Amino acid sequence: MCTLSIPVNIFTFSIAINCCCHSNWVDYAFSLLATTFKRGFVPDVVTYTTLIRGLLSQNKSQEARLFFANLIKFRQVQPDVVTFNTMIDGLCKTGHADMAFWLFRSMEKCDCEPNTVTYNTIIDSLCKRGLVDDAFNLHSEMMEKCILPDVWTYNRIIQVLCNLNRWEEVGLLLNQMIHDMKVSPDVHTFNILVDAYSKSGKLDDAKHIIQIMNERGVYPNIVTYNTLIHAYCSQGQMDGALAMLNTIRSKKIMPDGYTYNILVNAYCRELKLDIAMDIYRNMASDGLSPTVVTHNILLHGLCQLGGLCKNHYVDKALSLFRTIECNGLIPESDTYNIIIRGCLWSKKYDGACKLVDKMVDCGFSSDAATTSVLRHLLLSKAQDPTLVALYQKCLH
DNA sequence: GTAGGGTTAG
């Protein structure tokens with residue numbers, strides 16, 4: 001645009017800088033800032049906030065803090081609530097939650113009132129650190145200040161309270177949310193409740209939520225149904241799970257990768273590996289590809305069954321392992337550990353050795369379960385040189 | 001032209 005003499009302004013530069021930041025080209029974004037100055041434009045609070053977000057998204061929290069401090073020190077611009085929220089969120093995500101909280105409390109001194117986004121960001125960070133009661137207190141604080149909690153605020157707190165089985169408070173909050181604050185529960189709210197009931201073994205209550213959802217016009221989505229399918233599987237009710245699958249298909253809601261993983265996992269747990277493999281092969285018919293998680297589940301199942309009785313399941317696991325990379329997927333630490341344990345259980349020590357080398361090359365190491373299997377084997381076969389070598393490799 | 005975020009699987 002500059003070469004062609006098409007007129008540009010500070011907005012043009014801010015948009016370009018934002019684009020660089022979203023593409024992880026923060027250095028280029030800063031060189032554009034220099035160009036902005038050279039061309040005589042004055043960056044404003046949006047330009048600077050964009051750059052701060054760029055630094056934080058690249059984990060450069062030290063640089064972001066310095067940049068932010070200098071804005072204030074040299075009075076370049078007055079940071080606004082978006083600038084603060086960007087800093088606070090970035091600090092939380094880069095492991096500086098305490099500093100984020102301090103900044104949150106400094107806002108008013110800078111003549112900047114926190115808003116719902118500010119509170120939600122801090123509440124989320126507190127919930128992630130397990131500080132539910134602090135989150136709860138901030139929720140009361142925002143209401144006192146007439147900063148209205150939104151559906152997100154409620155969902156986050158309801159979710160952690162459900163995890164802690166604090167049902168009475170969940171009920172009170174739902175009541176306050178709907179009747180006092182006139183915030184309507186959305187599909188996420190209901191999914192949290194369906195999951196909470198499912199995990200406490202209350203399948204009937206979970207199913208009842210679906211009814212309430214339909215009455216309120218908040219329609220269940222694939223996540224809702226996956227949660228229910230998982231609940232059926234956990235109770236060993238595979239017929240119920242499959243019936244649910246048919247029900248959602250009739251509603252034109254298509255199963256996704258989660259649906260398949262849940263079912264494959266359920267059959268693996270029941271050691272029905274042939275059914276699990278069939279389901280895995282069926283994914284393509286729904287236009288889905290197995291993920292690393294799918295493979296981990298199957299490898300675990302095959303290795304467990306192989307370890308229990310038939311080695312040919314471990315052979316199947318090994319050939320499945322070889323297909324992972326052929327499918328363009330990258331094995332995880334868990335993937336290696338599962339297959340290595342399978343080899344150990346079925347006494348394929350040479351195979352285990354090669355896999356350990358490969359795992360170490362990929363920057364992974366043996367986990368507690370693998371190390372424990374090795375120790376047990378060594379107790380009975382301390383003189384086996386392959387095992388000793390394996391154990392030493394795993395120690396590193 | 002700038003900020004946040006939630007639910008399900010190993």
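Since this is a predicted model, take the numbers as computed values, not measurements. Within every chain, numbering begins at 1; the chains are lettered A, B, ... in the order of the sequence lines, protein sequences first and strands thereafter.
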Requested in this report: Can you tell me the distance, in whole Å, between the OH atom of A/Y154 and the P atom of B/dG4?
Outcome: 23 Å
Requested in this report: Counting heavy atoms from C-beta on, name the nucleotide in B/dG5, B/dT2, B/dT7 closest to the side chain of A/V223.
Outcome: B/dT7
Query raised in the report: Using a cut-off of 4.0 Å on non-hydrogen atoms, how would the nucleic acid contact of A/N115 be classed: base, sugar-phosphate, or nothing?
Result: base
**Report entry** Beyond-backbone contact of A/L203 with A/K207, side-chain heavy atoms, under 4.5 angstrom
**Finding:** yes
Query raised in the report: Hey, are A/T291 and A/T294 close enough side-chain-wise for a donor-acceptor pair under 3.5 Å?
Result: yes
Query raised in the report: Is it true that the side chains of A/D278 and A/Y267 contain a donor and an acceptor less than 3.5 Å apart?
Result: no
Query raised in the report: Picking from B/dG10, B/dT8, B/dT2, which would you name as closest to the side chain of A/V82?
Result: B/dT2
Query raised in the report: For A/H188, which contact category applies under a 4.0 Å heavy-atom criterion: base, sugar-phosphate, or nothing?
Result: base
Query raised in the report: Of all the choices, B/dA3, B/dG10, B/dG5, which nucleotide is nearest to the side chain of A/D150 once you look at every atom?
Result: B/dG5
Query - Under 3.5 Å side-chain donor-acceptor pair for A/D89 and A/T121 - result: no
Query raised in the report: Does one side chain, of A/R341 or A/H300, offer a donor that lies under 3.5 Å from an acceptor on the other?
Result: no
Query raised in the report: When the distance from CZ of A/F68 to P of B/dT2 is rounded to whole Å, what number comes out?
Result: 19 Å
**Report entry** A/R53, nearest nucleotide to its side chain (from B/dG10, B/dG1, B/dA3)
**Finding:** B/dA3
Query raised in the report: In whole Å, what is the span from the CD1 atom of A/I297 to the C1' atom of B/dT8?
Result: 12 Å
Requested in this report: Under 4.0 Å between any heavy atoms, over every strand shown, what does A/S14 touch: base, sugar-phosphate, or nothing? Just pick one.
Outcome: base
**Report entry** Neighbour count >12 (heavy atoms, 6.0 Å) for atom CH2, A/W167
**Finding:** yes
Report summary line: A/T227 has its side chain closest, among B/dG5, B/dG1, B/dT8, to B/dT8
Report task. Just call it for A/N120: base, sugar-phosphate, or nothing, with non-hydrogen atoms closer than 4.0 Å on any strand. Result -> base
Query raised in the report: Is there a side-chain polar atom (N or O) of A/K199 under 4.0 Å from OP1 or OP2 of B/dA9?
Result: yes
Report summary line: Here the distance between atom C1' of B/dT7 and atom CG of A/L228, to the nearest Å, is 12 Å
Query - Nearest-Å distance for atom pair CD1/P, residues A/I248 and B/dT8 - result: 17 Å
Query raised in the report: Which listed nucleotide (B/dT2, B/dT8, B/dG10) is nearest to the side chain of A/D80?
Result: B/dT2
Requested in this report: Specify the separation, in whole Å, of atom CZ of A/R341 and atom P of B/dG10.
Outcome: 15 Å
Query raised in the report: What is the distance, rounded to the nearest whole Å, between atom CG of A/N163 and atom C1' of B/dT7?
Result: 11 Å
**Report entry** Nucleotide of B/dA9, B/dA3, B/dG4 approaching A/H230 most closely (side-chain heavy atoms)
**Finding:** B/dA9
Query raised in the report: How long is the line joining CD1 of A/I253 and C1' of B/dT8, in whole Å?
Result: 14 Å
Query raised in the report: Which of the following nucleotides, B/dT7, B/dT2, B/dG5, is nearest to the side chain of A/Q159?
Result: B/dT7
Query raised in the report: So what does A/T47 hit on the nucleic acid, given a heavy-atom distance under 4.0 Å: a base, only sugar-phosphate, or nothing?
Result: base
Requested in this report: For A/D186, answer base if it contacts any base atom (sugar-phosphate contacts may also be present), sugar-phosphate if it contacts only those atoms, and nothing otherwise; contact means non-hydrogen atoms under 4.0 Å.
Outcome: base
Query - Minimum-distance nucleotide (side-chain atoms of A/D44 versus B/dT7, B/dA3, B/dG1) - result: B/dG1
Query raised in the report: Looking at the side chain of A/K93, which of B/dG4, B/dT7, B/dG10 is the nearest nucleotide?
Result: B/dG4
